[in-house]
Amino acid sequence: MVTDMQKLLGTSEEDEEEEEMDADVKEEDDGNRGAHAASGSSNDEFMFQQTMQDQVDTPGGSRRSRPVEEKERTKLRERHRRAITARILGGLRRHGNYNLRVRADINDVIAALAREAGWVVLPDGTTFPSKSQGTKPPAVVAGSSASHQSSPPALRGGSLSGHRSPTELNTCRMKGVFAPTPSPYDVQSSELVGSLNKADGLIGCSVDVINSKQILEIPPNMTEQDFSGTPYVPVYVMLPLGVINMKCELADRDGLLKHLRILKSIQVDGVKVDCWWGIAECHSPQEYNWNGYRQLFQIVRDLNLKIQVLMSFHECGGNVGDDVCIPLPHWVAEIGRTNPDIYFTDREGRRNPECLSWGIDKERVLRGRTALEVYFDYMRSFRIELAEFVEDGVISMVEIGLGPCGELRYPSCPIKHGWRYPGVGEFQCYDKYLLKSVRKAAESRGHPFWARGPENAGSYNSQPQGTGFFCDGGDYDGLYGRFFLKWYSQFLIDHADKVLSLAKLVFDTSCIAAKLPDVHWWYRTASHAAELTAGFYNPSNRDGYTEIASTLKKHGAALSFVSGEVQVLNRPDDFSAALGEPEAVAWQVLNAAWDTDTPIARENSLPCHDRVGFNKMLESVKFPNDPDRRHLSSFAYSRLVPALMEGHNLVEFDRFVKKLHGEAVMDHHQQV
């Protein structure tokens, strides 16, 4: 029967394979022929004509006869190419989460890699840069192919056309949870790409120089989500880091008052401010100065605004976005000079004075007090001295600083020690107090030789596959690796548990919160290396966030999540090269909080002043496709800068605030 079918069709499977190989060779010959013609060389032209004369046509005239040896070489070469393609496809399916069909060919591989690098690849093969390039796609003519750029662009976050969403990539890890449908504000359509590229002056520039002439042109036919009638979400604006100077005085009272009045006029609910330990308890232990904060809170109350306060037990300066320097208290620095083990320490012995090591939480090394007692005394002084603002509800939430940047994490990626994105970072467990703790844990397990940090985890700027610890099948998933990572992450959770229990004693009925960062790079690898060094034991085969959410729920604390997936045009991070998935991390954290009934607040990580970015932020606070109609408890916008107060930017922000409040907003065609 098979033979009859082959006769009917006129070819066999072997003949079809040979024809495909011959076609490939013919294409190569045709390409060479074109190259000869273009060169115009008389010698090349003569050789080409001689080759044509030597060719012998078959009776059908459609194929050329070639020596048997050449045909065999072509077959072997093609089989070798297909074997390589099969290995590439297998590796991409296994490690890269590419949704490649079973019979995918090299074109599918190239298209997937191009999309990963930030290019837009249409079904007909037309390829052009995404909106992050800042250049317009070439005109597409039917049957023509797009010209190629010399190098692929950096992907600045977000999904592109044909690229799976983070939720789809992580379905295996997040089964049974809410999975959002693609957003109309994700830059996925070629129309939106073209429109964004018209903002010639905005791409790659600083937000400090954005003016009304550089605002994005919104496609007139882009359907925007209607948030009217949705639940009211309070909006807070984070004040500048240096709003209170080192003398605990208002740095610019008149300028601040002017900006606060503008914010009040657009119905912003309140502001968020850091209460720096290095300012309020600067010179001597238990000698507090709250004068500047009292003045600030009074101004805010007079304007009928609310305040979210961050108890900042870390230094300011040296991190992205830091424009002032506020070190830890002087008396703490004096102790650190004689006992540097009060700071987090890396494998090379480098100390990080950004915050205190959690190893001294119960060690009396701070002038007779433990770190926990120091935090408790500081919070209690704030509660007593500024009680009127707590009791009359002006202070709506107190966020408790639990680590560097006020976030619950180890300082695994310090820029001052040479870390650069997207390095995996380093474990910070080499001060004598943390080493004593891991030694005790190892001895209790009966393996005293485990009393050490990983020896093959690379350095700050290593990549997972370049280390023996984080690579696929690496030591992170071995007996020692699981022991160490469990101890390392549990120490983080225990620190949060102890500090939040004290905070709840101090602030009692007030809402407290803890900040969790978005560690998204290397999320699409098996180990999630950057999360591991930061203290989140969240590899692909384990959930590292539910226990943290449960700890917050235990103390009635909200989870304040720093969002990293918002579309911002001037963001330089190449999520693709780092296998990062900001949205996937966000959804995992959100679902962990929802599963434990932990309230969620949110703040953006980078400034945004354009319509597309604001719309994306809206969908990260209100979830229009969620069947349970869940939303966040509040949103803190980062940050109050002069650019936000400029005309068109303020109009866009006003529109954003109204949508978060659930008010009806005019369509963008009606906006001036």
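Numbers here are sequence positions counted from 1.
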> So, for Phe344 and Trp358, is the gap between ring centers shorter than 6.0 Å?
Replying inline: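 Close enough - the centres of the two rings lie under 6.0 Å apart.
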>> Determine whether the aromatic ring centres of residues Phe635 and Phe656 are separated by less than 6.0 angstrom.
In response: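 Under 6.0 Å, so yes.
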Does any N or O in the side chain of [X] come within less than 3.5 Å of the main-chain N or O of [Y], such that one atom is a donor and the other an acceptor?
{"X": "Asp628", "Y": "Arg630", "result": "no"}
{"X": "Arg482", "Y": "Asp477", "result": "yes"}
{"X": "Ser638", "Y": "Leu606", "result": "no"}
{"X": "Asp341", "Y": "Lys432", "result": "yes"}
{"X": "His528", "Y": "Tyr523", "result": "yes"}
{"X": "Lys622", "Y": "Leu660", "result": "yes"}
{"X": "Ser633", "Y": "Pro599", "result": "no"}
{"X": "Asn461", "Y": "Gly418", "result": "yes"}
{"X": "Asp431", "Y": "Ile342", "result": "no"}
{"X": "Asp475", "Y": "Gly481", "result": "no"}

Flag side-chain contact, heavy atom, 4.5 Å: [X] against [Y]:
{"X": "Glu426", "Y": "Arg350", "result": "yes"}
{"X": "Lys272", "Y": "Ser560", "result": "yes"}
{"X": "Phe536", "Y": "Ile548", "result": "yes"}
{"X": "Cys429", "Y": "Phe484", "result": "yes"}
{"X": "Trp521", "Y": "Cys413", "result": "yes"}
{"X": "Glu455", "Y": "Arg347", "result": "yes"}
{"X": "Thr525", "Y": "Phe470", "result": "no"}
{"X": "Lys416", "Y": "Pro353", "result": "yes"}

Any chance you could measure [X], atom [atom1], to [Y], atom [atom2], to the nearest 0.5 Å?
{"X": "Tyr545", "Y": "Leu590", "atom1": "OH", "atom2": "CG", "value": "11.5 Å"}
{"X": "His495", "Y": "Leu408", "atom1": "NE2", "atom2": "CG", "value": "7.0 Å"}
{"X": "Glu547", "Y": "Asp497", "atom1": "CD", "atom2": "CG", "value": "10.0 Å"}
{"X": "Ser357", "Y": "Tyr410", "atom1": "OG", "atom2": "OH", "value": "8.0 Å"}
{"X": "Tyr488", "Y": "Leu434", "atom1": "OH", "atom2": "CG", "value": "8.5 Å"}
{"X": "Ile493", "Y": "Ser550", "atom1": "CD1", "atom2": "OG", "value": "9.0 Å"}

With under 30° as parallel and over 60° as perpendicular, where do the rings of [X] and [Y] fit, or are they tilted in between?
{"X": "Phe469", "Y": "Phe427", "value": "perpendicular"}
{"X": "Tyr375", "Y": "Trp277", "value": "perpendicular"}
{"X": "Trp594", "Y": "Phe623", "value": "perpendicular"}

>> Would Lys486 and Tyr537 count as a side chain to side chain contact (heavy atoms under 4.5 Å, CB included) here? Give the steps.
In response: CA-CA 7 Å; Lys486 176 61 178 175; Tyr537 192 7; 4.3 Å; yes
Heavy atoms only: give me the nearest [X]-[Y] pair and the separation to one decimal.
{"X": "Arg409", "Y": "Pro517", "answer": "CD-CG, 3.7 Å"}
{"X": "Leu532", "Y": "Pro539", "answer": "CD2-CD, 4.2 Å"}
{"X": "Ala526", "Y": "Asp472", "answer": "CB-OD1, 3.7 Å"}
{"X": "Ala558", "Y": "Leu552", "answer": "O-CD2, 3.6 Å"}
{"X": "Ser437", "Y": "Trp487", "answer": "OG-NE1, 3.0 Å"}
{"X": "Val562", "Y": "Ser605", "answer": "CG1-CB, 3.9 Å"}

> Which is it for Val424 and Trp522 under the side chain to side chain contact (heavy atoms under 4.5 Å, CB included) test, yes or no, and what are the steps along the way?
Replying inline: CA-CA 8 Å; Val424 299; Trp522 306 120; 3.9 Å; yes
> Between Arg542 and Glu531, does at least one N-O distance fall below 4.0 Å, as a salt bridge requires?
Replying inline: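 So Arg542 does not pair with Glu531 through a salt bridge.
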> Heavy-atom count around Lys440 NZ within 6.0 Å, excluding the residue itself: above 12?
Replying inline: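 Not buried by this count: 12 neighbours or fewer within 6.0 Å.
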> Can a cation-pi geometry be assigned to Arg445 and Trp450, taking NZ or CZ under 6.0 Å from the six-membered ring centre and within 45° of the ring axis?
Replying inline: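 Arg445 over Trp450 ring: no.
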> Step by step, would you call His417 with Asn352 a side-chain hydrogen bond (donor to acceptor under 3.5 Å, both in side chains)?
Replying inline: CA-CA 9 Å; His417 290 165; Asn352 189 340; 5.0 Å; no
>> Pair Lys515, Ile400 - check side chain to side chain contact (heavy atoms under 4.5 Å, CB included), show working.
In response: CA-CA 8 Å; Lys515 184 185 294 186; Ile400 312 301; over 6 Å; no
>> Go through it in stages, so that I can follow the logic: the residues are Glu619 and Asn625, the test is side-chain hydrogen bond (donor to acceptor under 3.5 Å, both in side chains), and I'd like the CA-CA distance, side-chain angles, deciding distance and then a yes or no.
In response: CA-CA 9 Å; Glu619 290 197 339; Asn625 300 311; 5.5 Å; no
Output side-chain donor-acceptor pairs under 3.5 Å for residues 318-326, partner residues at least two apart or in another chain, one line each.
| unit_1 | atom_1 | unit_2 | atom_2 | d |
| --- | --- | --- | --- | --- |
| Asn319 | ND2 | Glu354 | OE2 | 2.8 |
| Asp322 | OD2 | Gly317 | N | 2.9 |
| Asp322 | OD2 | Asn319 | N | 3.2 |

> Taking it one step at a time, do Trp276 and His314 satisfy side chain to side chain contact (heavy atoms under 4.5 Å, CB included)?
Replying inline: CA-CA 8 Å; Trp276 296 103; His314 61 283; 3.4 Å; yes
